[in-house]
Engineer: 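Following this message is one structure expressed as structure tokens.
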Amino acid sequence: MKKILNYINGEYCEPFSGDWLDNYNPSKGEVYSKIAYSSSEDVERAYSAAKDAFPSWSNSTIEERSNILMKIASLIEENLDSLAEAEALDNGKPLTLAKVVDIPRASSNFRFFAHAITQFASEAHESVGLNTMNFTIRQPIGVVGCISPWNLPLYLFTWKIAPALAAGNTVVAKPSEVTPMTAYLLGDICTKAGLPKGVLNIVHGTGPSAGQAIVAHPDIKAISFTGGTQTGEHIARTAAPMFKKLSLELGGKNPNLIFADCNYEKMLSVTVKSSFANQGQICLCGSRIFVEKSIYSKFKKDFVEKVKKLKVGNPFETETNIGALVSRPHLEKVKSYIDLAKEEGGKILCGGNQVIIEGSENGYYLEPTVIEILDYQCRVNQEEIFGPVVTMMPFENEEEVLKMANSVKYGLSATLWTSNLDRTMRVSKQLEAGIVWVNTWLNRDLRTPFGGIKSSGVGREGGFEALKFFTEAKNVCIKYD
Ligand code: NDP
């Protein structure tokens with residue numbers, strides 16, 4: 001059986017423990033490969049390689065670093081088909097989605113930061129009269145840790161690694177043990193692109209073992225983490241006594257605010273996507289739908305009709321819209337929320353059942369599910385489900401929908417549908433979210449700040465925000481006569 005090895009000091013290697021974890025193919029519910037079960041010893045080995053590589057990498061020219069990142073981007077593009085197939089097999093997502101979204105974005109992440117670093121500049125402040133000139137140097141931090149989740153495996157892994165490397169750091173990274181395959185394949189691509197040994201080290205294994213060892217390592221000075229809010233809290237507690245720099249991109253429970261004056265047809269088709277893309281397993285999916293009362297009945301009918309047409313099936317079939325959920329425990333968690341919705345008085349408008357696919361009877365398939373709720377404060381409308389499940393209810397006016405939208409502990413993103421510019425401004429300003437999309441969804445310009453407020457995280461990724469995170473600012477003050 002295929003073994004997913006660690007990538008340390010430019011070479012693939014087995015874990016110290018000699019132990020392996022099972023890696024499942026969610027579309028079949030079968031083990032198809034083995035993952036290195038790494039411990040703190042593997043993390044130490046990765047750290048040591050990264051530490052040795054740091055002086056040379058951090059002193060390389062911007063052009064050298066940029067050129068290597070460009071080569072990695074090109075090699076990801078050249079291997080698009082095989083990487084997309086690996087992602088679909090490992091994660092259960094439709095192959096078409098991996099081909100159009102995940103893998104192209106992984107390549108763009110490297111290409112974007114290869115360009116961005118050439119434009120990253122710092123400030124100078126002359127204190128006229130005091131005869132001093134201050135200038136800021138932005139220096140790489142050293143060895144940094146990057147930890148990513150399973151929903152957009154290579155996309156989010158590279159979203160952290162690319163700016164970290166561009167800024168001159170060396171990296172110890174851990175992908176989710178649930179979806180390690182494409183991160184494993186990235187090692188070979190980095191070697192082929194000429195990334196010097198030790199600059200990027202990839203350690204596989206569980207969060208509590210390998211992940212915890214990265215976070216707890218006293219000399220890994222910054223942690224960029226994307227994952228659940230509870231894990232983020234734990235990481236923050238571990239890192240705080242060491243005063244590590246932290247970027248935390250956490251959970252979400254994002255609202256859609258649909259006003260009667262919107263472009264109805266456009267809103268309808270985008271809302272189907274924002275609800276169920278990637279089986280609803282995108283932190284930015286709009287899982288709470290609030291609709292202005294005057295169009296609520298029409299929307300309910302049209303939306304449910306469209307959702308019923310989504311095809312749940314094998315990720316490798318081109319007509320599949322909804323693939324498999326990522327794991328058995330995750331499927332059970334999502335199903336438990338559907339049961340809870342019923343207990344809370346929710347009405348299942350469509351879906352709600354596990355789907356058995358012929359030939360893949362053990363796969364983790366679930367119907368896209370729409371639940372009409374009575375109270376915006378019920379648990380299914382407050383807690384992150386992270387699956388193909390959305391809630392909906394009507395609202396009377398702006399004031400009421402803002403109260404409903406802002407009632408959750410999360411604050412990642414929100415989507416607003418209206419053609420009224422005044423309302424766009426008023427509502428966008430009052431929404432408690434790091435990102436507000438108006439008449440669109442998941443529209444990303446990589447220069448923009450990305451991140452959440454409240455329990456959705458601390459810090460921003462994207463553009464120069466990421467390069468600022470991965471550097472330390474030092475002010476140099478020169479007195480002249
Ligand atoms: P988890 O928090 O379970 O895991 C995320 C990563 O952290 C994984 O690599 C995991 O390893 C690792 N990890 C787990 N425990 C620890 C620990 N104690 N110390 C260090 N690392 C640890 O999240 P999921 O993988 O379940 O991802 C889903 C979550 O991610 C959702 O809440 C979603 O909203 C959020 N997310 C947020 C995004 C954002 O930009 N804000 C984007 C995408 C997802 P392992 O899996 O091996 O246990």
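As the structure lists them, so they are numbered: ligands from 1, and atoms in each ligand from 1. Here the structure is a predicted model, which is why all the values come from computation and not from measurement.
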Engineer: Please state which part of Ile282 comes within less than 4.0 Å of ligand 1, counting heavy atoms only: side chain, backbone, both or neither.
Structural biologist: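 It is neither; nothing of Ile282 touches ligand 1.
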Engineer: Can you tell me the protein heavy atom closest to atom 39 (C) of ligand 1 and the distance?
Structural biologist: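 Closest protein heavy atom to atom 39 (C) of ligand 1: Cys283 SG, 3.3 Å.
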Engineer: Sequence neighbours left out, what pairs pass side-chain hydrogen bond (donor to acceptor under 3.5 Å, both in side chains) with at least one residue falling in residues 273-288?
Structural biologist: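 Output for this query lists Lys93-Asn278.
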Engineer: Among Tyr410, Trp150, Tyr337, whose ring pair (Phe, Tyr, Trp, His ring centres under 6.0 Å) with Phe386 holds?
Structural biologist: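 Answer after filtering Tyr410, Trp150, Tyr337: Trp150.
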Engineer: Is any side-chain heavy atom of Ile214 closer than 4.5 Å to a side-chain heavy atom of Lys174?
Structural biologist: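 Side-chain contact under 4.5 Å: yes.
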Engineer: Out of Ser456, Ser148, Pro149, who gets a non-hydrogen atom closest to atom 27 (O) of ligand 1?
Structural biologist: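 Considering heavy atoms of Ser456, Ser148, Pro149, the nearest to atom 27 (O) of ligand 1 sits in Pro149.
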Engineer: Salt-bridge test for Lys51 and Asp219: reply yes if a basic N is under 4.0 Å from a carboxylate O, no otherwise.
Structural biologist: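 No, this pair does not count.
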Engineer: Less than 3.5 Å apart, any donor N or O on the side chain of Ser224 or Lys160 sitting next to an acceptor on the other?
Structural biologist: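 Side-chain D/A pair, Ser224 to Lys160: present.
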Engineer: Give a yes or no on whether a salt bridge exists between Lys192 and Asp188, defined as a side-chain N under 4.0 angstrom from a carboxylate O.
Structural biologist: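 So Lys192 pairs with Asp188 through a salt bridge.
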Engineer: Could you check whether Lys221 pairs with Glu472 (Lys NZ or Arg NE/NH1/NH2 to Asp/Glu carboxylate O, under 4.0 Å)?
Structural biologist: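 Between Glu472 and Lys221 there is no salt bridge, as every charged N stays at least 4.0 Å from the carboxylate O atoms.
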Engineer: Can you report which non-hydrogen protein atom sits closest to atom 21 (N) of ligand 1, along with the distance?
Structural biologist: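 The protein heavy atom lying closest is Gly211 CA, 3.6 Å.
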Engineer: Starting from atom 47 (O) of ligand 1, find the nearest protein heavy-atom neighbour and note its residue, name and distance.
Structural biologist: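 Checked against all protein heavy atoms, atom 47 (O) of ligand 1 sits closest to Glu177 OE1, 2.7 Å.
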Engineer: To which protein heavy atom is atom 11 (O) of ligand 1 closest, and what is the distance rounded to 0.1 Å?
Structural biologist: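 For atom 11 (O) of ligand 1, the nearest protein heavy atom is Lys174 NZ, 2.9 Å.
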Engineer: Among all the protein's non-hydrogen atoms, which is closest to atom 41 (N) of ligand 1, and how far away is it?
Structural biologist: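 Checking every protein heavy atom, the shortest distance to atom 41 (N) of ligand 1 gives Leu250 O, 2.7 Å.
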Engineer: Out of Gly207, Ser327, Gly227, Gly228, who gets a non-hydrogen atom closest to atom 22 (C) of ligand 1?
Structural biologist: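 Answer by nearest heavy atom: Gly207.
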Engineer: Considering only protein heavy atoms, which is closest to atom 12 (C) of ligand 1, and at what distance to one decimal place?
Structural biologist: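 Checked against all protein heavy atoms, atom 12 (C) of ligand 1 sits closest to Ile147 CG2, 3.7 Å.
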Engineer: How far is atom 25 (O) of ligand 1 from the closest protein heavy atom, and which atom is that?
Structural biologist: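 Of every protein heavy atom, Trp150 CD1, 2.9 Å lies nearest to atom 25 (O) of ligand 1.
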Engineer: If you measure from each heavy atom of Gly205 to ligand 1, is any distance below 4.0 Å?
Structural biologist: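 The answer is yes: ligand 1 sits under 4.0 Å from a heavy atom of Gly205.
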Engineer: Any protein heavy-atom neighbour for atom 4 (O) of ligand 1 (distance below 4.0 angstrom)?
Structural biologist: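 For atom 4 (O) of ligand 1 the answer is no, since every protein heavy atom stays at 4.0 Å or beyond.
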Engineer: Distance only, no hydrogens: is a donor on one side chain within 3.5 Å (strictly under) of an acceptor on the other, for Asp90 and Thr179?
Structural biologist: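 Distance-only check fails for Asp90 and Thr179.
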Engineer: Going by the order shown, which atoms of ligand 1 are within less than 4.0 Å of some heavy atom of Glu384?
Structural biologist: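 Checking each atom against Glu384, I get 31 (C), 32 (O), 33 (C), 34 (O).
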Engineer: Ligand 1 and Thr231, any nitrogen or oxygen pair closer than 3.5 angstrom?
Structural biologist: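 Among all N and O atoms of Thr231, at least one is under 3.5 Å from an N or O of ligand 1.
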Engineer: Assess the side chains of Thr440 and Asn443: does a donor N or O sit below 3.5 Å from an acceptor N or O?
Structural biologist: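 Note: Thr440 and Asn443 side chains meet the donor-acceptor criterion.
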Engineer: Is there a heavy atom in Pro175 that sits closer than 4.0 Å to ligand 1?
Structural biologist: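 Pro175: in contact with ligand 1 (<4.0 Å).
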Engineer: Tell me: protein heavy atom nearest atom 46 (O) of ligand 1, and distance?
Structural biologist: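 The protein heavy atom lying closest is Ser176 OG, 2.8 Å.
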Engineer: Would you check the N or O atoms of Thr226, main chain and side chain alike, for any that come under 3.5 Å of an N or O of ligand 1?
Structural biologist: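 So ligand 1 has no N or O lying under 3.5 Å from an N or O of Thr226.
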Engineer: Is Glu77 salt-bridged to Arg111, cutoff N-O under 4.0 Å?
Structural biologist: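 Between Arg111 and Glu77 there is a salt bridge, with a charged N closer than 4.0 Å to a carboxylate O.
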Engineer: Looking at Glu11 and Lys197, is any side-chain nitrogen of the basic one under 4.0 Å from a carboxylate oxygen of the acidic one?
Structural biologist: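 Looking at Glu11 together with Lys197, the answer is yes, because their closest N to O distance falls below 4.0 Å.
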